[in-house]
J.: 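One structure coming up, written as C-alpha cells, with questions to follow.
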Amino acid sequence: MKIDSKGNIIVGTAAILIVSLLLICIFVAASINYIQNENIDSQNNDNFKYIVDDYTQNLEVLAREAIDEATQKVFNGLPVLDSENQIKKNLNEILDEKNDEYEKRYGVRISSQTLSVENTDSPWKLLFKVKLNIEKDGEKFSRIVEKNASVEGLRDPLPIAKLTVLSGILTYDNQIHYKTALSAYMLLHNFDSPESYIEATAPLYIEKCPYDPYVHHGDPGVLDDCLSKGYFHESADGSCYLCRLEGKGKCPHYGFEVFIQTHTPLKNESLSCSDHVVFADHYNGEKIDPDDWNSLILDSSHRKKYGLGEDGQ
C-alpha cells in the first residue's frame, strides 16, 4: 500500500504505538496478577506446611502423655490387660481433642488413627505409628507418621501392677516403699527369707543409668551413686515397659531391670534383688556386704554383670 501523505504516516505510527502500549499494559497487568497469585499460593503452602509440621512434631509429646495415662490407670488400682491397645485408645482420644483444637484455631480438618504401639531396639523408647489425613483449602497431607516416645522420667508401673494397691505398697519421696507387701508376696510363694525384704525400696521414676558398660559399678563410689540416683539398667531378662504395665516380671522383649534395695540386718540367703528375679525368675543371692544393712542381695551372674565380683565393693 502506498502512503500518499505525511498525515497518514503520523496516524499510522500513532495507532501502532497505542496498540503496542496497550499490549504492554495488558502483559504487565497479567504478570503482576500471576505473581500475586503465586505469592498467595506460596503463603498458603507455607501456612499449611507449618500446620502439618507443628502437628506431627507434637505427636511424640502426645504419645508420651498416652503412656502416662495408662500408667496412671495402674496406680489407680485398675488392671491394664492389653497395654498396647490401652495406649492406642488413650492416644486416639488425645488426638481427637487435638484435632478439634486445630480446626478451631487454623480451620484445618484432621483425621487420625493410631495404628500400633511397639517396642524398639531400645527399652527406653516406644514406637508409635499414626495414620494422618490433614486438609485445608485444597491442600492435603496423607501419611503414616512414625514417632518414638521415651519412657524415661515416667513412673515404673511393675510393682503396683504386680502386687496391686491393696498390698499396702506406697509411693513417696520418688521411691516405691514396699513396706510388708513384698515380704507377704514372698511368704505366699514360699521363697527364702521373706523377712529380708520388709521395708525394701526401689526407684519410682525410670532413669537410664549413665555408667555404661555396667562393670563400672565396681569402681569406687559408682554403685552408691547409682543407688542414690535410682538408675535403671538394660537387661535381656528384664521386662519392657509395655509388659511392666501388665504386671509381667519378665517378657520376651528387650527390657530393663532395677535393684530392689533391702534395709535389713539379716544375713540370710534370699531372692536376688534384681526386680525380674524377685517377680519372675526367683533365684537366690547373698548380700555383697554382709555387715551393711543397705547392701544389695545379688547372685553371681549379676555381680559379674555389674563388676562387683564375689566379695562386692
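Predicted, not measured: the structure shown is a model, and the values here were computed from it.
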J.: Can you classify the ring geometry of Tyr50 versus Tyr106 as parallel (below 30°), tilted (30 to 60°) or perpendicular (above 60°)?
T.: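 Perpendicular.
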
J.: Do the side-chain N and O atoms of His217 and His233 include a donor-acceptor pair separated by under 3.5 angstrom?
T.: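 On atom types as modelled, these side chains qualify, holding a pair under 3.5 Å.
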
J.: Any salt bridge between Lys305 and Asp237, counting N to O under 4.0 Å?
T.: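 Between Asp237 and Lys305 there is no salt bridge, as every charged N stays at least 4.0 Å from the carboxylate O atoms.
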
J.: Please determine, by modelled atom types, if Asn90 and Gln86 share a side-chain donor-acceptor pair under 3.5 angstrom.
T.: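 Yes - a donor-acceptor pair under 3.5 Å links their side chains.
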
J.: Would you call Glu101 and Lys98 a salt bridge, using N to O less than 4.0 angstrom?
T.: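 So Glu101 pairs with Lys98 through a salt bridge.
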
J.: Check step by step if salt bridge (charged side-chain N to carboxylate O under 4.0 Å, His left out) holds for Asp292 and Lys287.
T.: CA-CA 8 Å; Asp292 182 1; Lys287 277 189 172 184; over 6 Å; no

J.: For Lys248, does the NZ atom have more than 12 heavy-atom neighbours from other residues, nucleotides or ligands under 6.0 Å away?
T.: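 Atom NZ in Lys248 is not packed in, count stays at 12 or less.
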
J.: Any side-chain donor-acceptor pair under 3.5 Å between Glu199 and His263?
T.: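 The criterion, which ignores hydrogens and geometry beyond distance, is not satisfied for His263 and Glu199.
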
J.: Quick check on ring pair (Phe, Tyr, Trp, His ring centres under 6.0 Å): which of Tyr214, Tyr231, Tyr306, Phe232 does Phe259 satisfy it with?
T.: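 Single ring pair (Phe, Tyr, Trp, His ring centres under 6.0 Å) partner of Phe259 among Tyr214, Tyr231, Tyr306, Phe232: Tyr306.
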
J.: Any side-chain donor paired with an acceptor under 3.5 Å for Tyr241 and Thr71?
T.: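 A donor-acceptor contact under 3.5 Å links the two side chains.
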
J.: Does the side chain of Asp225 pick up a donor-acceptor pair with the side chain of Tyr211 at under 3.5 Å?
T.: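 There is such a pair between these side chains.
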
J.: Taking all heavy atoms of Ser112 and all of Leu132, pick out the closest pair and write down the distance.
T.: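 In terms of heavy atoms, the two residues are closest at CB-CD2, 3.6 Å.
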
J.: May I ask you to say whether Arg109 pairs ionically with Glu135, meaning some side-chain N is under 4.0 Å from a carboxylate O?
T.: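 Salt bridge flag = yes for Glu135 with Arg109.
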
J.: Check whether the side chains of Asp54 and Tyr102 place a donor and an acceptor atom closer than 3.5 Å, and report yes or no.
T.: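 Judged by distance alone, the side chains do pair up.
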
J.: Ignoring hydrogens, what is the shortest heavy-atom contact between His253 and Cys240? Give both atom names and the distance.
T.: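 That closest heavy-atom pairing would be ND1-SG, 3.5 Å.
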
J.: Just wondering, are more than 12 heavy atoms of other shown residues or ligands nearer than 6.0 Å to CG in Asp212?
T.: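 Atom CG in Asp212 is crowded, with more than 12 foreign heavy atoms closer than 6.0 Å.
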
J.: List the atom of Val74, the atom of Leu245, and the distance in Å for their closest heavy-atom pair.
T.: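 Here Val74 and Leu245 meet closest at CG2-O, 3.7 Å.
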
J.: Examine the side chains of Asn99 and Glu103 and answer whether a donor and an acceptor come within less than 3.5 Å of each other.
T.: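 Asn99 vs Glu103: no donor-acceptor pair found between side chains.
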
